[in-house]
Asks: 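Submitted below is the structure of interest, expressed as structure tokens.
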Amino acid sequence: MVADGDTGSLPGASHRIPDQIVFHADVDCFYAACERLRHPELVGEPVVIGMGYEDGEEHGAVATASYEAREYGVESAQSINEALDKLPRCETVDCRAETPCATYLPVDMEYYESVSDDVMSILEEYADSLRRVSIDEAYIDVTHRASWEDAATLARELKNRIRNEVGVTASVGGAPTMSAAKIASDYQKPNGLVMIPPEQLQKFLTDLPVEDVHGVGPVTADTLRKMGIKTAGDVRTFDVTELEREFGERGREIWLRSHGYDEREVTPMEDAKSISNETSLPATADMEVKREKIQALVDQVTTRATEKEVLYRTIGIKVVEPPFDVSTRERSLPAAVNEPELVEDIVFDLLEEFTETKARKVGVRVSNLSFGGKQARLTDWDVQSEDDVGNPYRGTDEKTHHTGRDGDTSLSDFS
Ligand code: TTP
Ligand code: CA
């Protein structure tokens with residue numbers, strides 16, 4: 001960490017734009033692009049890839065849609081039913097000419113992973129270091145491979161190689177920070193190429209919608225807008241302490257990123273499976289006490305997830321009744337998010353089942369992790385409402401219960 005010097009009130013975070021060149025590469029409509037490699041007749045046509053979908057069926061959720069299908073309002077994390085309402089299934093290859101329709105295909109991870117490996121191998125050739133953050137996204141450090149004068153030329157060469165050798169298009173963004181490189185790669189999608197040299201970074205961020213600032217998901221963006229904060233420029237007019245009061249640690253991160261301050265270096269990803277924490281309490285059924293402990297755990301776990309740039313799809317609690325009765329409850333969402341407020345809603349909802357339970361230990365865990373990827377475009381997260389049953393946005397619950405010794409010494413994980 002670089003010391004603050006005389007610039008500020010924020011210990012532990014440097015208030016300067018780092019001297020490095022970071023690219024973020026992100027393949028366009030990745031699963032659909034993979035399918036087009038083996039179904040070339042689908043190039044230029046609407047394609048929808050469904051998770052939990054089977055040919056000819058209506059269940060499942062949209063994993064991705066080609067840009068042609070997105071024009072009809074089909075997008076990731078929608079239910080297949082909703083997508084079918086917007087864009088019916090093509091019956092034959094020729095029927096597209098008459099009415100708009102899309103080809104629906106199920107997810108084939110094994111194949112997409114092999115295409116992903118091919119893309120990553122090319123990126124590796126250009127990288128002093130590489131951080132793979134999801135199946136189709138990586139950061140690379142090219143500080144010693146280019147200067148800001150020829151960074152765009154290098155990015156163009158990289159994009160051409162991916163297109164010619166793998167057959168998919170990637171959008172590439174370059175900036176002095178990881179967070180700005182990610183914004184840049186998303187800025188002109190698909191097939192984008194956007195470079196933000198250090199002297200242009202703050203100007204670039206000024207009008208950036210607040211939901212595009214690193215660490216801001218849909219729920220946080222909503223809260224910020226209610227505070228009158230619409231852009232990163234608006235964030236900068238606020239005192240960091242006000243944001244910290246509202247959002248805790250994350251408020252400070254949002255403030256830093258809105259200024260273009262981000263000192264992270266591109267380092268390879270560690271391979272965590274979950275982030276969790278648990279705490280003991282004097283055996284009690286008092287919901288106030290249980291809630292208070294759980295709230296603190298939510299704060300710790302979500303702060304760690306944000307620091308590590310991790311998205312999670314499953315959110316769970318653990319309750320241990322004396323002497324060794326361990327129950328866990330989990331809810332899986334249709335797509336990965338980083339939303340502390342949502343974690344809070346879900347864990348309190350899951351805790352409702354344990355109103356009468358005397359607990360001597362409680363835990364919170366997020367799992368099903370993905371690293372640094374974009375948040376799902378989900379806005380309808382009404383996890384409490386009864387009539388959500390059957391709504392794919394609500395997610396699915398898992399329950400476990402076992403009696404036995406419960407790794408009393410572990411503070412970092414639960415099973
Ligand atoms: P993204 O990079 O978020 O999306 P994309 O590549 O389809 O589209 P683009 O980058 O052009 O906007 O995600 C990569 C893959 O991850 C995507 O092809 C399918 C999968 N995915 C899901 O399964 N569920 C989701 O909610 C999202 C957002 C992605
Ligand atoms: Ca992508």
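This is a predicted model, so every value here is computed, not measured. When a ligand or atom number is given, it counts from 1 through the structure's own listing order.
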Asks: Is Arg70 close enough to touch ligand 1? Criterion: a residue heavy atom under 4.0 Å from a ligand atom.
Replies: yes
Asks: Tell me which one of Ile275, Val366, Leu297, Val343 satisfies side chain to side chain contact (heavy atoms under 4.5 Å, CB included) with Thr302.
Replies: Val343
Asks: Which atoms of ligand 1 are found less than 4.0 Å from any heavy atom of Ser76?
Replies: 25 (C), 26 (O), 27 (C), 28 (C)
Asks: Looking at non-hydrogen atoms alone, which of Ile135, Val107, Asp136, Asp186 comes nearest to atom 2 (O) of ligand 1?
Replies: Asp136
Asks: Out of all atoms in ligand 1, which are within 4.0 Å of some heavy atom of Thr64? Include the element for each.
Replies: 5 (P), 7 (O), 17 (C), 18 (O), 19 (C)
Asks: In ligand 1, which numbered atoms sit nearer than 4.0 Å to a non-hydrogen atom of Tyr67?
Replies: 9 (P), 11 (O), 12 (O)
Asks: Taking the minimum heavy-atom distance to atom 29 (C) of ligand 1, which of Pro334, Cys29, Ser171, Ala63 ranks first?
Replies: Ala63
Asks: Looking at Asp19, I want to see if its CG is surrounded by more than 12 non-hydrogen atoms of other residues, nucleotides or ligands under 6.0 Å.
Replies: no
Asks: Would you mind telling me which of Val301, Leu342, Asn368, Val337 makes a side chain to side chain contact (heavy atoms under 4.5 Å, CB included) with Tyr312?
Replies: Val337
Asks: May I ask you to check whether Tyr126 and Phe23 place their ring centres under 6.0 Å from each other?
Replies: no
Asks: Do any nitrogen or oxygen atoms of Lys189 lie less than 3.5 angstrom from nitrogen or oxygen atoms of ligand 1?
Replies: yes
Asks: Taking non-hydrogen atoms only, is Met109 closer than 4.0 angstrom to ligand 1 via side chain, backbone, both or neither?
Replies: neither
Asks: Which atoms from ligand 1 have a heavy atom of Ala335 less than 4.0 Å away?
Replies: 26 (O)
Asks: Does any N or O atom in Val62 lie less than 3.5 angstrom from one in ligand 1, N or O only?
Replies: no
Asks: Any idea which of Tyr31, Tyr112, Phe30 brings a heavy atom closest to atom 16 (O) of ligand 1?
Replies: Tyr31
Asks: State whether the side chain of Lys230 and the backbone N or O of Leu224 hold a donor-acceptor pair below 3.5 Å, judged by distance alone.
Replies: no
Asks: Side chain or backbone of Val27 under 4.0 Å from ligand 1, or both, or neither, by non-hydrogen atoms?
Replies: backbone
Asks: Are the side chain of Asp128 and the backbone of His144 linked by a donor-acceptor contact shorter than 3.5 Å?
Replies: yes
Asks: Kindly say whether Ala63 contributes a backbone atom to a donor-acceptor pair with the side chain of Ser76 at under 3.5 angstrom?
Replies: yes
Asks: Tell me whether Met51 has any N or O atom under 3.5 angstrom from an N or O of ligand 1.
Replies: no
Asks: Quick check on the Ca ion (ligand 2): does Asp26 put an N/O/S atom closer than 3.0 Å to it?
Replies: yes
Asks: Validate the cation-pi geometry between Arg291 and Phe348: distance from NZ or CZ to the six-membered ring centre under 6.0 Å, angle to the ring axis within 45°.
Replies: yes
Asks: Using 3.0 Å as the threshold, say whether any N, O or S atom from Phe30 sits that close to the Ca ion (ligand 2).
Replies: no
Asks: Are side-chain heavy atoms of Ile17 and Asp262 found at a separation under 4.5 Å?
Replies: no
Asks: With a 6.0 Å cut-off on ring centres, are His214 and Trp255 close enough?
Replies: no
Asks: Output the atom name for the N/O/S atom of Asp136 with the smallest distance to the Ca ion (ligand 2).
Replies: OD2
